[in-house]
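Remarks on the structure that follows.
Numbering of ligands and ligand atoms starts at 1, following listing order.
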Amino acid sequence: MNPPVQIQELTFDLLKQKKVQLFIQRDDLLHPHVSGNKWRKLKYNVLEAKKLGKDTLLTFGGAFSNHIAATAAAAQLSGLRSIGIIRGKDADPENPTLKFAQSCGMELVMIDRSQFRELRDNQWAGAVLDSYSKAYVLPEGGSNKLAVKGCSEMVEDWSEQYDFACCALGTGATFAGLVNGVPENTRCLGFPAIKDQGYLQGEVEEFLIENNSKDWQLIRDYHFGKYAKVNDELIQFMNQFYKETGIPLDPVYTGKMLFGLIDMIQNDYFPAETKIIAIHTGGLQGVAGINVQLAKKGKELLNYPID
Ligand SMILES: *Cc1c(COP(=O)(O)O)cnc(C)c1O
């Protein structure tokens, strides 16, 4: 029922030199518009919305949110309406993400930041909407139990054993799904894309299936200052990575994870003969938005072909 995924082995010199095997799971190719982990996170939620007889997906997100773009596209594909509550009255409806969401028929509501927080965090308002309207309410980032269930299917196509499985974290739901899904002897490393003040550990634990004895750990050294922040070093790394592998990364999540992972390989974190799989969770729709911002500052751009 899920599309088959491609798992590619990377072969650049550092890996040969360190005798470490690194594979990339191309979840970014699962669907052209409902990309990567958002495809997996939305799958059971869309089915649930339909089962409940809802006609609309309503959700929350920032002006460049992968989740907003993916929800808009998923709603259109499944014959549902969609409403996006967008953080910031000043959000630009013409930016590439919001333009795309509107082209899928998403209705946008820009609200100021404090109102956004209040609405997003008000479980009661969500519950009222859920029970009295035809809208199915998805939390920001789409992170709920059904999303975690979808993400645990990430390992479905694995035909060999990996010593380590890695993915990037925003809310932690995707990583929790990965941890739930992997076999006992695969260790999971999560790379937060935000400066984690320590709450992410608990967020992940909440989403784990009970009596979980899986070995997992958060690697907190590669957030580059804060969420969605980039610097020249990261952009250069991503352009170089694309040149060597042909794989485009996104600047918010997967770019930082791969930067971190390769830094760790360089620093001999992994012993020789280690087999690592890294999940490419998608997010490439964000490249256009970041390039607009980089261009304004006269900086080097991400030089991928993007459609
Ligand atoms: C949303 C997103 C994540 C983070 O997912 P969480 O479940 O919120 O941790 C990681 N990678 C990409 C590309 C994303 O779009």
Side-chain angles (χ1 to χ4, degrees), residues 5 24-45 59-74 96-97 100-101 120 138-154 165-181 188-196 199-208 216 218-220 222-224 227-228 230 234 238 247-261 278-290 302 304 306:
V5 297
I24 298 253
Q25 177 164 322
R26 300 294 307 275
D27 274 13
D28 57 311
L29 301 176
L30 279 178
H31 188 275
H33 297 304
V34 191
S35 158
N37 64 336
K38 300 306 187 280
W39 195 97
R40 298 190 186 278
K41 292 176 86 168
L42 284 162
K43 174 182 164 184
Y44 288 108
N45 278 297
T59 196
F60 305 87
F64 294 93
S65 162
N66 294 332
H67 168 64
I68 288 289
T71 302
T97 301
F100 171 76
R120 179 194 61 187
L138 283 160
E140 188 176 24
S143 297
N144 58 17
K145 286 228 156 83
L146 289 176
V148 175
K149 179 179 171 190
C151 289
S152 68
E153 296 173 352
M154 266 189 291
C166 306
C167 89
L169 278 82
T171 64
T174 301
F175 181 65
L178 178 67
V179 175
N180 284 339
C188 294
L189 300 180
F191 293 75
I194 48 172
K195 198 167 175 178
D196 173 28
Y199 73 95
L200 265 178
Q201 186 87 13
E203 299 284 306
V204 174
E205 277 163 11
E206 235 166 73
F207 282 129
L208 292 181
W216 62 277
L218 298 182
I219 305 289
R220 295 191 171 82
Y222 301 103
H223 53 70
F224 287 78
Y227 183 74
V230 299
L234 181 64
M238 291 168 66
I247 300 173
L249 302 171
D250 86 287
V252 179
Y253 295 102
T254 55
K256 292 179 181 181
M257 169 187 67
L258 259 306
F259 182 101
L261 194 49
I279 313 294
H280 191 323
T281 40
L284 295 171
Q285 70 85 29
V287 170
I290 212 94
L302 289 171
Y304 318 144
I306 38 174

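Remark: the backbone N or O of Lys41 is paired with a side-chain donor or acceptor of Asn45 at under 3.5 angstrom. Side-chain atoms of Tyr304 come within 3.5 Å of backbone N or O of Leu249 as a donor-acceptor pair.
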What does the contact table look like for ligand 1 (nitrogen or oxygen on each side, cut-off under 3.5 Å)?
unit_1, atom_1, unit_2, atom_2, d
ligand 1, 5 (O), Asn37, ND2, 3.0
ligand 1, 5 (O), Thr174, OG1, 3.4
ligand 1, 7 (O), Lys41, NZ, 2.6
ligand 1, 7 (O), Thr171, OG1, 3.4
ligand 1, 7 (O), Thr174, N, 2.9
ligand 1, 7 (O), Thr174, OG1, 2.6
ligand 1, 8 (O), Lys41, NZ, 3.3
ligand 1, 8 (O), Thr171, N, 2.8
ligand 1, 8 (O), Thr171, OG1, 2.7
ligand 1, 9 (O), Gly170, N, 2.7
ligand 1, 9 (O), Thr171, N, 3.1
ligand 1, 9 (O), Gly172, N, 2.8
ligand 1, 11 (N), Thr281, OG1, 2.7
ligand 1, 15 (O), Lys38, NZ, 2.7
ligand 1, 15 (O), Asn66, ND2, 2.7

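In this structure, the ring of His223 has its center no less than 6.0 angstrom from the ring center of Phe191.
Under 3.5 Å, the side chains of Asn180 and Ser152 contain no donor-acceptor pair of N or O atoms.
Relative to the ring axis of Tyr253, Lys38 places its NZ or CZ within 45° and under 6.0 Å from the centre. A cation-pi arrangement, defined by a distance under 6.0 Å to the six-membered ring centre and an angle within 45 degrees of its axis, is absent between Lys256 and Tyr222.
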